[in-house]
Amino acid sequence: MHVRMNTIFGDRDKTAAVLDYIEGRDRAVVEAALGTGGLATYADWDSGVVVAASYWDEPAHSSEAVLTEVRRDVELLAGGTVTAEQYEVTARVWHSRPGRGAIVLVHGVQLESARLDDAVPFLSGVLLPELAQYERPCIAEILVDRDSSSAVVLTVWENEHVAGDASPAVEALRARGVEHGVKFVTTTRYTLFGVSQGGVPGVELWLPPLGP
């Protein structure tokens, strides 16, 4: 599974209009396209930044002409620019379907290019299972771009309180990552706006049940 993250930098006063457009025309186009895995949208209302993350079985399916046209329309509506990043979804967990207003944390990660065979398994096989088992985010994903030696740890939390409670565990895992060539460099907080009705399928990771 792969994800294309379109980040829209536009006029803050147009944020609601951009999200409504994406949830209307863009979502319909994405969910009807070949190879789709769904669409999630989230925004930073203070800055006016909107992210539309679409999931695909193959990266090529995210670049079809009709999708490109929709993205161009969004850029014009926003009165700004759109950047696109492609990642492989190397692991993910889904505990529950989050509602509108959930907290989305996007941690940007730099990987040591000479240690990818250590860094990626640490993120997917150690960090994500521990975070997901003991802190119970609604959704947690590891997104990797091996060409640029970069990754994203994306988590979705039911509310601000739950996200705050998880901070100590996240910090501990970040510290351990240094030993595996994993360096957390940025954290951006968004508010979830929409997610596909059936969820966003990805590379599912089995987790043992919580103890008593």
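The local environment of CD in Glu158 is sparse, with at most 12 non-hydrogen atoms from other residues, nucleotides or ligands closer than 6.0 Å.
With hydrogens and angles ignored, the 3.5 Å screen pairs no side-chain donor or acceptor of His107 with any backbone N or O of Phe184. In this structure, Arg176 contributes its side chain and Leu127 its backbone to no donor-acceptor pair below 3.5 Å. Between the side chain of Arg115 and the backbone N or O of Glu179 there is at least one donor-acceptor pair closer than 3.5 Å. Under the 3.5 Å distance criterion, the side-chain polar atoms of Thr41 are matched with a main-chain donor or acceptor of Gly194. Judged by distance alone, with hydrogens and angles left aside, the side-chain atoms of Arg100 form a donor-acceptor pair with the main-chain N or O of Phe193 at under 3.5 Å.
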* Kindly indicate, with the supporting measurements, whether the criterion side-chain contact (heavy atoms from CB on, under 4.5 Å) is fulfilled by Glu160 and Arg189. => CA-CA 10 Å; Glu160 194 77 47; Arg189 182 180 299 259; 2.3 Å; yes
* To do: With side-chain contact (heavy atoms from CB on, under 4.5 Å) as the test, would you mind laying out the steps for Val51 and Asn6 before giving the verdict?
  => CA-CA 6 Å; Val51 178; Asn6 289 317; over 6 Å; no
* To do: Given side-chain contact (heavy atoms from CB on, under 4.5 Å), test Leu19 with Thr15 step by step and report yes or no.
  => CA-CA 6 Å; Leu19 285 166; Thr15 302; 4.0 Å; yes
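For the residue pair Leu173 and Glu130, the shortest heavy atom distance occurs at CD2-OE1, 3.6 Å. For the pair Lys14 and Leu77, the tightest heavy-atom approach, listed with the atom from each and the gap, is CD-O, 3.2 Å. Closest non-hydrogen pair, Ala102 versus Pro98, comes out as CB-CB, 3.9 Å.
A heavy-atom distance below 4.5 Å is not found between the side chains of Asp145 and Glu85. Put simply, the side chain of Ile103 does not reach to within 4.5 Å of the side chain of Val156, judged on heavy atoms. Side chains of Tyr42 and Thr191 form no contact here, defined as non-hydrogen atoms less than 4.5 Å apart. The shortest distance between side-chain heavy atoms of Glu112 and Ser149 does not fall below 4.5 Å. Two residues are said to be in side-chain contact when any heavy atoms from C-beta on lie closer than 4.5 Å; Ile139 and Thr155 fail this criterion. Using a 4.5 Å heavy-atom cutoff, the side chains of Ser196 and Leu39 are in contact. At a threshold of 4.5 Å between non-hydrogen side-chain atoms, the residues Val120 and Arg146 count as touching.
Residues Trp45 and Ile8 fall within the same hydrophobic cluster, defined by Ile, Leu, Val, Met, Phe, Trp and Tyr side chains chained together at heavy-atom separations under 4.5 Å.
Below 30°, between 30° and 60°, or above 60°: for His180 and Phe122 the angle between ring planes is below 30°, a parallel geometry.
Inspection of the Tyr87 and Glu141 side chains reveals no N or O donor paired with an N or O acceptor under 3.5 Å.
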